[in-house]
Amino acid sequence: MKKSQLAAQLYTLREFLQTPADVAKILPQVKGIGYDAIQVSGMGPIDEAELVKIADDNGLVICATHEPGKMICEETDKVIERLKKLNCRNTAFPYPYIAPFTGRAQVLELAEKLNTAALAMKKEGINLCYHNHALEFERFEGELVLETIYNNAPALQAEIDTFWVQAGGQDPAAWVSRFPNRQPLLHLKEFGIVKSERKMFAVGNGNLDWKAIIDAGTRCGVEYFIVEQDDCNGVDPLIELRNSYNYISENFFD
């Protein structure tokens, strides 16, 4: 992995990014840790031009975003317009707005909508990816929801989330390996157990096999390896992003 491929998912810092002033204060600290790229998600309102300027001033590439799922499917043109303003060519469907799934027919309907949106974005040079949680590892008619989505939306790209694959009872490295040249984004999210409860940790402080995961991502052409930690267990999220960065830089940078 090259240093430039490691990104920070700003959803990790969402509580500290609710105003433009917050963004101007926090992004230099993200850069100071060592990250060269960011994924935009969970932030408060900010004009795209202002966000681009703050990122550019700090040497940060906006490598991807998460956009509302319903808007991706029903107002695709608005998402394309926003991505162009951000000079960004990757976005992801963050969570199924129709969840919980009630059967295979409903999953197929979503897959069709996602494929239509992905084709429209592809024409504009934008990749639409799918960000999984654990709910996509339910089976309908013998097939996992996530399999049904990818098998029936060929234009859709992958954004595998390692924590949620593990939480769904699957092997993260094996899932990454399924999508050669079809996953520009990969979420590096650590999985661990405390008192029989699943927890998120800084990368390297849990139970996932990171060598297998990152090797699989490299083989399959992942462009950005994105660190995300939804819950920092009371620790400063910037400290946790630094802990993840330090572990990855010491073990996986070329």
Checklist entry - Should F101 and I72 be regarded as members of a common hydrophobic cluster, given that ILVMFWY residues are connected when their side-chain heavy atoms come within less than 4.5 Å of each other, either directly or indirectly? => result yes
Next on the checklist: Using only atom types and a distance under 3.5 Å, with no angle test, would you say the side chain of Q5 pairs donor to acceptor with the backbone of M1?
Outcome noted: no
Item to check | Hydrophobic cluster of V61, others only, ordered by chain and residue number, side-chain cut-off 4.5 Å | outcome: L185, Y224, I226
Item to check | Sequence neighbours excluded, every pair satisfying salt bridge (charged side-chain N to carboxylate O under 4.0 Å, His left out) that has a member inside residues 220-231 | outcome: R89-E223, K189-E228, K189-D230
Next on the checklist: Donor-acceptor check, side chain of T148 to backbone of L144, threshold 3.5 angstrom: yes or no?
Outcome noted: yes
Next on the checklist: If I compare all heavy atoms of Y150 with all of Q157, which pair ends up nearest, and what's the gap?
Outcome noted: CE2-O, 3.6 Å
Next on the checklist: Please determine whether side-chain contact (heavy atoms from CB on, under 4.5 Å) holds for the pair F191 and T162, giving the CA-CA distance in whole Å, both sets of side-chain angles, and the decisive distance to 0.1 Å.
Outcome noted: CA-CA 8 Å; F191 181 100; T162 56; over 6 Å; no
Checklist entry - Measuring from L17:CG to I46:CD1, what's the distance to the nearest 0.5 Å? => result 9.0 Å
Checklist entry - Hey, are E143 and N151 close enough side-chain-wise for a donor-acceptor pair under 3.5 Å? => result yes
Checklist entry - Taking the hydrophobic residues Ile, Leu, Val, Met, Phe, Trp and Tyr, and joining any pair whose side-chain heavy atoms are under 4.5 Å apart, which ones share a cluster with V194? => result F201
Item to check | Under 3.5 Å donor-acceptor, S244 side chain and L241 backbone | outcome: no
Next on the checklist: Under a 3.5 Å distance rule, please check whether N207 uses its side chain to pair with a backbone N or O of G192 as donor and acceptor.
Outcome noted: no
Item to check | Smallest separation among heavy atoms of A167 and R198, with atom names | outcome: CB-NH1, 3.4 Å
Next on the checklist: Do L188 and L6 make a side-chain contact, defined as non-hydrogen atoms from C-beta onward lying under 4.5 Å apart?
Outcome noted: yes
Next on the checklist: Before we go on, tell me: are the rings of F225 and W210 under 6.0 Å apart, centre to centre?
Outcome noted: no
Item to check | Atom pair CZ (R242) and CD1 (I33), whose distance is rounded to the nearest 0.5 Å | outcome: 5.0 Å
Checklist entry - Quick one: do the D161 and N132 side chains pair a donor with an acceptor below 3.5 Å? => result no
Item to check | P180 side chain near R219 side chain, heavy-atom distance below 4.5 Å | outcome: no
Checklist entry - For the hydrophobic clusters of this structure (ILVMFWY residues joined by side-chain heavy atoms under 4.5 Å, transitively), does one cluster hold both I213 and F252? => result yes
Item to check | P184 to C129 - nearest heavy-atom pair and separation | outcome: CG-SG, 3.6 Å
Checklist entry - Going by atom types alone, do Q39 and S41 pair a side-chain donor with an acceptor below 3.5 Å? => result no
Next on the checklist: Within the 4.5 Å heavy-atom criterion, are Q29 and I26 side-chain neighbours or not?
Outcome noted: yes
Item to check | Identified ring-ring contact (aromatic ring centres under 6.0 Å, His included) counterpart of W175 within the set F137, F163, W164 | outcome: F137
Item to check | From CG (L27) to CG (D57), nearest 0.5 Å | outcome: 10.5 Å
Checklist entry - Looking at the rings of Y95 and H131, which for Trp means the six-membered one, are their centres under 6.0 Å apart? => result no
Checklist entry - So, do T12 and E240 sit near enough that their side-chain heavy atoms are less than 4.5 Å apart? => result no
Checklist entry - When rounded to the nearest 0.5 angstrom, what distance separates CZ in R82 from CD1 in I80? => result 13.5 Å
Checklist outcome for this item: Nearest heavy-atom approach of K113 to C73 is CB-SG, 3.9 Å
Next on the checklist: Quick check for you: to the nearest 0.5 Å, what is the distance between L156 atom CG and L114 atom CG?
Outcome noted: 5.5 Å
Checklist entry - What are the two closest heavy atoms between I38 and A55, and how far apart are they? => result CD1-CB, 4.5 Å
Checklist entry - Does anything in residues 22-40 pair up under salt bridge (charged side-chain N to carboxylate O under 4.0 Å, His left out), and if so which pairs, sequence neighbours excluded? => result K3-D36, K31-D36
Item to check | Identified side chain to side chain contact (heavy atoms under 4.5 Å, CB included) partner of V79 from the options K84, M121, E124 | outcome: M121
Checklist entry - Can you say whether the rings of Y130 and F93 are parallel (under 30°), tilted (30 to 60°) or perpendicular (over 60°)? => result parallel
Next on the checklist: As a quick check of understanding, evaluate side-chain contact (heavy atoms from CB on, under 4.5 Å) for V165 and V176, giving each step before the final call.
Outcome noted: CA-CA 10 Å; V165 172; V176 174; over 6 Å; no
Checklist entry - Could you go step by step and tell me if N90 and L83 meet the side-chain contact (heavy atoms from CB on, under 4.5 Å) rule? => result CA-CA 8 Å; N90 298 299; L83 269 287; over 6 Å; no
Item to check | Side-chain heavy atoms of Y97 within contact of E74, under 4.5 Å | outcome: yes
Checklist entry - Can you check whether V145 reaches L135 side chain to side chain, under 4.5 Å on heavy atoms? => result no
Next on the checklist: Is there a salt bridge (charged side-chain N to carboxylate O under 4.0 Å, His left out) between E48 and K53? Walk through the geometry before answering.
Outcome noted: CA-CA 9 Å; E48 287 87 358; K53 184 178 188 309; over 6 Å; no
Next on the checklist: Donor-acceptor pair, distance only, cut-off 3.5 Å: does the side chain of N58 make one with the backbone of L60?
Outcome noted: no
Item to check | Side chain proximity check, T76 to M71, heavy atoms < 4.5 angstrom | outcome: no
Item to check | E112 atom CD, neighbour heavy-atom count above 12 within 6.0 Å | outcome: no
Checklist outcome for this item: Residue set satisfying side chain to side chain contact (heavy atoms under 4.5 Å, CB included) with N115, at least two apart, ordered chain then number -> L119, A153, P154, A155
Checklist entry - If you take all heavy atoms of K85 and V52, which pair is closest and at what distance? => result O-CG2, 3.5 Å
Item to check | Interatomic distance, N205 atom CG to N243 atom CG [nearest 0.5 angstrom] | outcome: 6.5 Å
Checklist entry - Does the side chain of N127 come within less than 4.5 Å of T91's, by heavy atoms? => result no
Checklist entry - Quick one: which of I160, L186, N181 gives a side chain to side chain contact (heavy atoms under 4.5 Å, CB included) with V222? => result L186
Checklist outcome for this item: Residues passing the ring-ring contact (aromatic ring centres under 6.0 Å, His included) test with Y35, sequence neighbours excluded, are Y245
Next on the checklist: With side-chain contact (heavy atoms from CB on, under 4.5 Å) as the criterion, how do I62 and N87 come out once you've worked through the C-alpha distance, each side chain's angles and the decisive distance to 0.1 Å?
Outcome noted: CA-CA 7 Å; I62 301 175; N87 301 319; over 6 Å; no
